[in-house]
Amino acid sequence: MRQIPLARLRADCANCFGLCCVAPAFVRSSDFAIDKPAGHACPNLGADFRCGIHASLRPRGFAGCTVFDCFGAGQQVSRVTYGGRSWRDDPDTAGQMFAVFGVLRHLHELLYYLTEALAMPRAAALHGALAEARDGIEALAAGTPEEVLALDVAPLRAGVGELLGRASELVRSHGVRPSRGRKRDRRGADLIGAVLTGTDLRGATLRGAYLIGADLTGADLRGCDLLGADLRGADLAGANLDGALFLLQSQVDSATGDSRTTLPDGRVRPAHWGAAPGGVEAGR
């Protein structure tokens with residue numbers, strides 16, 4: 001079965017025209033130090049399309065930039081859809097380019113999740129359907145700007161979401177399960193600020209759950225489905241996320257943790273995470 005390298009679905013800023021620094025609006029908040037209208041370049045964006053404060057984004061109030069993931073849509077738009085001609089080279093196409101970037105980011109996110117599901121042996125019964133969906137989305141993402149902008153993303157997301165849900169169920173049905181009496185389905189749950197210290201959430205689904213600022217220290221999240229879960233400011237110190245499904249690096253980056261936190265393969269402990277009790281430095 002044909003594979004799409006996940007590296008292709010990760011941001012390659014060196015081959016992008018700084019689209020994430022221009023297309024979206026910034027609202028002054030704990031995530032952004034400034035207000036910036038959509039379609040206007042961030043003042044920190046250089047003439048070479050590089051961020052002038054990339055090494056110090058968090059301390060300078062731009063934590064939101066550190067957790068944004070375009071899933072490779074930036075380089076796709078910059079180098080393929082527009083053939084290497086930037087919004088600075090051709091200002092008349094800038095608005096269209098920014099709009100195309102927004103749509104392609106959605107499509108590339110779907111491609112990323114489908115590619116991850118295709119690597120799950122326990123979901124083998126669905127690999128044919130997953131590959132078909134992936135190939136269809138990939139073909140749409142290769143369209144002209146006009147074709148991309150004519151797409152209705154909502155039904156695509158719904159169809160892929162249903163398929164990913166079935167894949168998740170297949171994988172979790174063979175994995176670890178929560179202890180007796182523990183609720184397994186917490187899709188979309190409002191758990192903002194919830195105290196879930198040491199909670200057994202093995203094999204549960206927290207898809208789309210709001211876990212902003214939740215205390216998950218020492219929680220057991222092995223085999224948990226975390227697709228779309230909002231982990232901003234969640235405390236994962238000592239938590240076990242081994243085998244967690246559909247957990248993005250950007251979700252990890254938006255949370256806090258320490259050197260005791262166990263992450264799934266391919267996820268890296270962020271540099272801003274603190275040390276574990278006893279002064280052991282976080283890192284991998």
Side-chain angles (χ1 to χ4, degrees), residues 1-21 23-24 49 51 64-84 97-121 123 126-145 147-149 151 153-154 156-165 167-168 171 207-208 225-231 241 243-254 263-268 270:
M1 184 180 294
R2 185 178 64 87
Q3 298 292 327
I4 297 178
L6 277 179
R8 195 188 121 198
L9 300 173
R10 296 190 178 106
D12 179 3
C13 298
N15 283 300
C16 178
F17 297 138
L19 296 178
C20 67
C21 305
F49 300 112
C51 174
C65 297
T66 68
V67 299
F68 179 81
D69 192 344
C70 76
F71 301 97
Q75 63 261 28
Q76 174 78 11
V77 172
S78 300
R79 302 300 172 182
V80 180
T81 311
Y82 286 88
M97 181 181 290
F98 301 152
V100 169
F101 172 65
V103 177
L104 276 186
R105 182 181 179 274
H106 285 297
L107 297 183
H108 274 230
E109 180 181 9
L110 298 180
L111 285 175
Y112 186 95
Y113 286 130
L114 288 166
T115 301
E116 185 169 314
L118 280 164
M120 299 174 180
L126 289 173
H127 280 183
L130 289 164
E132 182 179 0
R134 178 203 59 193
D135 293 346
I137 297 291
E138 188 177 27
L140 294 175
T144 65
E147 289 170 338
V148 170
L149 292 177
L151 294 174
V153 174
L156 294 174
R157 292 190 72 92
V160 171
E162 188 274 335
L163 190 56
L164 294 174
S168 170
V171 175
R207 177 176 296 217
D225 185 341
L226 289 164
L227 191 152
D230 194 335
L231 293 169
L241 292 92
L245 306 179
F246 305 120
L247 177 67
L248 301 175
Q249 183 64 47
S250 57
Q251 290 171 286
V252 175
D253 292 343
S254 72
L263 295 173
D265 291 342
R267 305 300 177 261
V268 179

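Looking only at side-chain heavy atoms (C-beta outward), Phe49 and Cys13 stay at 4.5 Å or farther from each other. Side-chain contact between Tyr113 and Leu9 is absent, with no heavy-atom pair separated by less than 4.5 Å. Residues Val100 and Thr81 have side chains in contact (heavy-atom distance under 4.5 Å, counting atoms from C-beta outward). Between Cys20 and Arg105 the shortest side-chain heavy-atom distance does not fall below 4.5 Å. Side-chain contact between Ser168 and Phe246: present, with at least one pair of heavy atoms (C-beta onward) separated by less than 4.5 Å. Two residues are said to be in side-chain contact when any heavy atoms from C-beta on lie closer than 4.5 Å; Leu245 and Leu227 fail this criterion. In this structure the side chain of Leu126 reaches within 4.5 angstrom of the side chain of Leu163, judged on heavy atoms.
In this structure, the salt bridge (Lys or Arg N to Asp or Glu O under 4.0 Å) partners of Asp135, at least two apart in sequence or on a different chain, are Arg2. With sequence neighbours excluded, no residue satisfies side-chain contact (heavy atoms from CB on, under 4.5 Å) with Ala158. Contacts of Ser254 classified as side-chain contact (heavy atoms from CB on, under 4.5 Å), with partners at least two apart in sequence or in another chain: Val67, Leu231, Arg232. In this view, Ser78 and Cys16, Phe17, Leu19 satisfy the side-chain contact (heavy atoms from CB on, under 4.5 Å) rule, not counting sequence neighbours. Partners of Glu109 under the salt bridge (Lys or Arg N to Asp or Glu O under 4.0 Å) rule, at least two apart in sequence or in another chain, are Arg157. Residues satisfying the ring pair (Phe, Tyr, Trp, His ring centres under 6.0 Å) test with Tyr82, not counting sequence neighbours, are none. Checked against side-chain contact (heavy atoms from CB on, under 4.5 Å), Ala141 has the following partners two or more places apart in sequence or in another chain: Leu104, Leu107, His108. Residues passing the side chain to side chain donor-acceptor pair (under 3.5 Å) test with Gln249, sequence neighbours excluded: Asp253. Residues passing the salt bridge (Lys or Arg N to Asp or Glu O under 4.0 Å) test with Arg79: none are found, sequence neighbours excluded.
Looking at every heavy atom in both residues, Leu111 comes nearest to Glu138 through CD2-N, 3.8 Å. Heavy atoms only, all atoms of each residue included: Leu118 and Arg134 are closest at CD1-NH1, 3.5 Å. Residue Ala133 comes nearest to Leu114 through the heavy atom pair C-CD1, 3.9 Å, listed as atom of the first residue, atom of the second, then distance. Contact detail for Gly143 and Val148: the closest heavy-atom pair is O-CG2, 3.8 Å. When all heavy atoms of Cys70 and Gly74 are compared, the pair lying nearest together is SG-N, 3.4 Å. Closest of all the heavy-atom pairs between Leu248 and Phe71 is CD1-CZ, 3.6 Å.
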Run the side chain to side chain contact (heavy atoms under 4.5 Å, CB included) test on Leu130 and Thr115 for me, step by step, so that the C-alpha distance in whole Å, both residues' side-chain angles and the decisive distance to 0.1 Å come before the verdict.
CA-CA 8 Å; Leu130 289 164; Thr115 301; over 6 Å; no

So Leu247 and Val252, side chain to side chain contact (heavy atoms under 4.5 Å, CB included) or not? Walk me through it.
CA-CA 8 Å; Leu247 177 67; Val252 175; 3.7 Å; yes

Applying salt bridge (Lys or Arg N to Asp or Glu O under 4.0 Å), run through Arg267 and Glu116 and close with a yes or a no.
CA-CA 13 Å; Arg267 305 300 177 261; Glu116 185 169 314; 3.2 Å; yes

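Interatomic distance, CG of Leu149 versus CD of Glu147, reported as 10.5 Å (0.5 Å rounding).
Sorted by first then second residue, the side chain to side chain donor-acceptor pair (under 3.5 Å) pairs that include residues 66-77, not counting sequence neighbours, are Arg58-Thr66.
A donor-acceptor pair is defined here as one N or O able to donate and one able to accept, closer than 3.5 Å; no such pair exists between the side chain of His106 and the backbone of Leu156.
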